[in-house]
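One structure is given here, and the rest of the page talks about it.
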Protein chains: 2
Amino acid sequence: MSVAIENFVKAIYKNGKRDNNDTKPGNIAKELGISNAAATDMAKKLAIKDLIDYEKYQELKLTDKGTKMALNVVRKHRLWEALLFKLFDLSLHDIHREAELLEHQTSDLLANKISDYLGNPKFDPHGDPIPNARGEITTTDTSISLANTEEGKSYIISRLMSDDKEFFDFCAQHGLKYGNSILVSKQFSKNKMTQILIHNNTILLNEDFTSIIYVNEQD
Amino acid sequence: MSVAIENFVKAIYKNGKRDNNDTKPGNIAKELGISNAAATDMAKKLAIKDLIDYEKYQELKLTDKGTKMALNVVRKHRLWEALLFKLFDLSLHDIHREAELLEHQTSDLLANKISDYLGNPKFDPHGDPIPNARGEITTTDTSISLANTEEGKSYIISRLMSDDKEFFDFCAQHGLKYGNSILVSKQFSKNKMTQILIHNNTILLNEDFTSIIYVNEQD
DNA sequence: AAATATTTTTAAGTAAGCTTAAAAATTTTT
DNA sequence: AAAAATTTTTAAGCTTACTTAAAAATATTT
């Protein structure tokens with residue numbers, strides 16, 4: 001399947017998870033940096049291939065076949081990230097950029113070899129779960145916007161779900177990285193902000209960030 | 001640059017080395033599995049980009065810029081082959097197939113990281129020399145069609161320059177592989193055939209094969 | 001609920017990278 | 001060196017993945 005199609009399906013998958021399921025053509029177009037018209041166009045083509053269900057003016061919905069394709073690409077992306085992270089001294093941002101290209105030129109055979117080589121890891125260097133060869137994925141974490149603030153309850157950062165360099169730089173600067181411990185001290189639900197404590201620093205995060213920082217409860 | 005252009009330039013480079021410099025559009029077309037018309041078309045486009053010198057009905061000749069691009073792609077191909085060979089249990093044929101795709105989606109930065117990781121190797125698993133980051137390449141071997149048959153002179157196989165599965169299978173079956181020792185016992189120049197001795201078996205090879213099996217003199 | 005703004009869709013057009021068919025040039029055979 | 005065969009080129013056309021501009025529908029604001 002073409003790179004354009006794989007990326008389109010992947011974008012629907014990602015937007016379906018992340019935002020409030022806003023997978024109308026315009027959102028996908030923005031994600032991919034193409035025009036709305038191009039997104040509508042592509043949506044029709046994918047519908048013919050039975051990768052999405054398409055109804056005019058509605059959200060784009062992946063079919064089982066489409067979901068399978070998206071997970072296959074996501075699997076390859078995250079396996080590449082894990083491999084490049086292990087072998088080379090590269091920034092997470094660089095690794096992401098390389099994986100973004102390699103993911104589309106990787107046979108299932110090679111993906112499985114990479115997975116084996118790494119010991120069939122369940123998570124990539126961002127903490128994102130790696131779907132297995134059958135497209136199954138296991139996650140238990142939640143965004144910190146939904147974390148509760150019970151006294152003394154601490155969390156472990158499990159993922160930073162973004163490809164934005166500015167966001168990564170911000171995270172790096174404040175010690176927000178995969179595996180680190182934080183305390184969610186307060187939710188300002190009205191203003192959609194969250195206050196956290198990390199390394200004895202209190203940080204107030206707005207929705208853009210709280211929705212893409214994921215954590216697991218600390219045991 | 002696009003995949004199609006990189007492959008076109010690479011094909012000219014390869015044909016310029018291998019065959020009797022037969023780099024007319026038809027040969028490149030055959031190499032790439034496209035029509036002659038498409039090859040002529042592409043040749044004109046590459047000329048505009050100053051990647052080749054193009055004159056109607058003549059051989060296609062890479063400019064310095066074109067050669068540089070070809071060597072850059074070849075470098076990435078061979079580095080991928082070396083890496084995949086080291087990490088995974090895959091056949092040389094599979095490795096070649098994967099590298100053929102990955103080579104076009106690899107930044108110079110990543111290529112250099114792979115090279116460093118492998119200790120900046122000079123040869124890939126086929127024995128083909130890996131151009132360095134500046135596009136320099138070092139070779140001393142010759143095809144067995146040109147090897148001389150001096151009494152008792154033996155050679156070490158340095159490369160099997162092909163992507164053809166049948167050829168690889170043939171080589172595997174007869175012990176023709178990188179590093180093995182052979183004796184070139186007779187040149188039938190009139191018939192363009194070469195007789196070799198390997199593992200006490202005498203094999204008579206025709207030009208198709210003698211022109212792509214490369215050897216170094218044994219010290 | 002009307003007016004306004006935004007988004008989606010349609011329509012027409014472009015560039016890349018191919019195709020086939022036929023004309024033009026070159027190469028090979030006799 | 002003429003005839004035959006092959007190769008290269010030109011021409012016209014196709015598909016994919018985009019674009020911009022304008023029409024149609026939906027969503028938001030007042």
Side-chain angles (χ1 to χ4, degrees), chain A residues 1-12 15-16 18-62 66 69-70 73 100-101 103-105 192, chain B residues 1-12 15-16 18-62 66 69-70 73 100-101 103-105 190 192 207:
Chain A
M1 206 52 52
S2 78
V3 173
I5 290 179
E6 287 187 352
N7 277 332
F8 202 89
V9 164
K10 195 177 79 168
I12 296 173
N15 273 36
R18 192 175 44 196
D19 303 332
N20 308 310
N21 197 45
D22 205 345
T23 58
K24 285 188 182 165
N27 272 64
I28 307 303
K30 198 181 289 174
E31 170 97 18
L32 297 175
I34 60 178
S35 69
N36 287 8
T40 299
D41 235 52
M42 186 62 98
K44 288 180 186 171
K45 286 181 198 161
L46 295 210
I48 290 169
K49 290 181 193 289
D50 190 33
L51 292 166
I52 67 172
D53 291 326
Y54 172 67
E55 282 184 87
K56 274 190 183 185
Y57 305 105
Q58 301 310 123
E59 313 281 332
L60 307 181
K61 290 197 171 35
L62 289 174
M69 178 185 286
V73 177
E100 202 72 10
L101 298 175
E103 64 187 16
H104 306 292
Q105 309 298 335
K192 297 188 172 176
Chain B
M1 207 52 53
S2 79
V3 173
I5 290 178
E6 287 187 351
N7 276 331
F8 202 89
V9 162
K10 196 178 78 168
I12 297 173
N15 272 35
R18 193 174 46 194
D19 304 330
N20 308 309
N21 197 45
D22 205 346
T23 58
K24 285 187 181 164
N27 272 66
I28 306 303
K30 198 181 289 174
E31 170 99 18
L32 297 175
I34 61 177
S35 69
N36 288 8
T40 299
D41 235 52
M42 186 61 98
K44 288 180 185 170
K45 285 180 198 162
L46 295 210
I48 291 169
K49 290 181 192 289
D50 190 32
L51 292 167
I52 67 171
D53 291 327
Y54 173 65
E55 282 184 87
K56 273 192 185 182
Y57 303 106
Q58 300 310 123
E59 313 281 331
L60 307 181
K61 289 196 173 34
L62 289 174
M69 179 186 285
V73 176
E100 203 71 11
L101 298 175
E103 64 187 14
H104 305 292
Q105 309 298 335
K190 204 176 298 174
K192 295 188 173 173
E207 199 191 9

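The shown structure was predicted, so the numbers you read here are calculated from the model rather than taken from an experiment. Proteins get letters first, then strands, A, B, ... in listed order; numbering begins at 1 in each.
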Could you state the [atom1]-[atom2] distance from [X] to [N], rounded to the nearest angstrom?
{"X": "B:Asn27", "N": "D:dT8", "atom1": "CG", "atom2": "C1'", "value": "12 Å"}
{"X": "B:Ile34", "N": "C:dA16", "atom1": "CD1", "atom2": "P", "value": "15 Å"}
{"X": "B:Met42", "N": "C:dA15", "atom1": "CE", "atom2": "P", "value": "16 Å"}
{"X": "A:Gln58", "N": "C:dT7", "atom1": "CD", "atom2": "P", "value": "16 Å"}
{"X": "A:Lys56", "N": "D:dA25", "atom1": "NZ", "atom2": "P", "value": "7 Å"}
{"X": "A:Glu55", "N": "D:dA25", "atom1": "CD", "atom2": "C1'", "value": "15 Å"}
{"X": "A:Ile28", "N": "C:dT7", "atom1": "CD1", "atom2": "P", "value": "14 Å"}
{"X": "A:Leu32", "N": "D:dC18", "atom1": "CG", "atom2": "C1'", "value": "12 Å"}

Between [atom1] of [X] and [atom2] of [Y], what distance do you get to the nearest 0.5 Å?
{"X": "B:Ile12", "Y": "B:Ile52", "atom1": "CD1", "atom2": "CD1", "result": "4.5 Å"}
{"X": "A:Met69", "Y": "A:Met1", "atom1": "CE", "atom2": "CE", "result": "4.5 Å"}
{"X": "B:Thr23", "Y": "B:Leu62", "atom1": "OG1", "atom2": "CG", "result": "8.0 Å"}

Please find the pair of heavy atoms, one from B:Gly66 and one from B:Val9, that lie closest to each other, and give the distance.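 That closest heavy-atom pairing would be O-CG1, 3.2 Å.
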
Do any N or O atoms of the protein come closer than 3.5 Å to N or O atoms of nucleotides 11-16 of chain D, and which pairs are they?
none

Using a heavy-atom cut-off of under 4.0 Å over every strand shown, decide if A:Lys44 touches base, sugar-phosphate, or nothing.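 Sugar-phosphate: the residue A:Lys44, judged by heavy atoms under 4.0 Å, touches backbone atoms but no base.
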
Name of the residue among B:Asp53, B:Asn27, B:Asn15, B:Asp22 meeting side-chain contact (heavy atoms from CB on, under 4.5 Å) with B:Glu59: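 So, applying the side-chain contact (heavy atoms from CB on, under 4.5 Å) to B:Glu59 and each of B:Asp53, B:Asn27, B:Asn15, B:Asp22, only B:Asp22 qualifies.
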
Nearest heavy atom decides the nucleotide; on that basis, is B:Val3 or A:Lys30 closer to the 5' end of DNA chain C?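 Whichever sits nearer the 5' end wins; that is A:Lys30.
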
Short side-chain N/O contact from A:Ser35 to OP1 or OP2 of D:dC18, under 4.0 Å: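 It does not, given that no N or O in the side chain of A:Ser35 lies less than 4.0 Å from OP1 or OP2 of D:dC18.
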
Can you see if the side chain of A:Tyr54 gets near the phosphate of C:dT9 - specifically, an N or O under 4.0 Å from OP1 or OP2?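 A:Tyr54 to C:dT9 OP1/OP2: side-chain N or O found under 4.0 Å.
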
Between A:Asn36 and B:Thr40, which is nearer to the 5' end of DNA chain D once each is assigned its nearest nucleotide?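 Of the two residues, B:Thr40 wins.
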
Nearest-nucleotide wise, let me know which of A:Lys24 and A:Ile5 is further upstream toward the 5' end of DNA chain D.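 First, find each residue's nearest nucleotide; the 5'-ward one identifies A:Ile5.
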
Decide yes or no for A:Tyr54 and A:Leu46: does some side-chain heavy atom of the first lie under 4.5 Å from some side-chain heavy atom of the second?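 Of all side-chain heavy-atom pairs linking A:Leu46 with A:Tyr54, none is under 4.5 Å.
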
Would you please name every residue forming a salt bridge (charged side-chain N to carboxylate O under 4.0 Å, His left out) with B:Glu100, sequence neighbours left out?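 By the salt bridge (charged side-chain N to carboxylate O under 4.0 Å, His left out) rule, B:Glu100 matches B:Lys10.
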
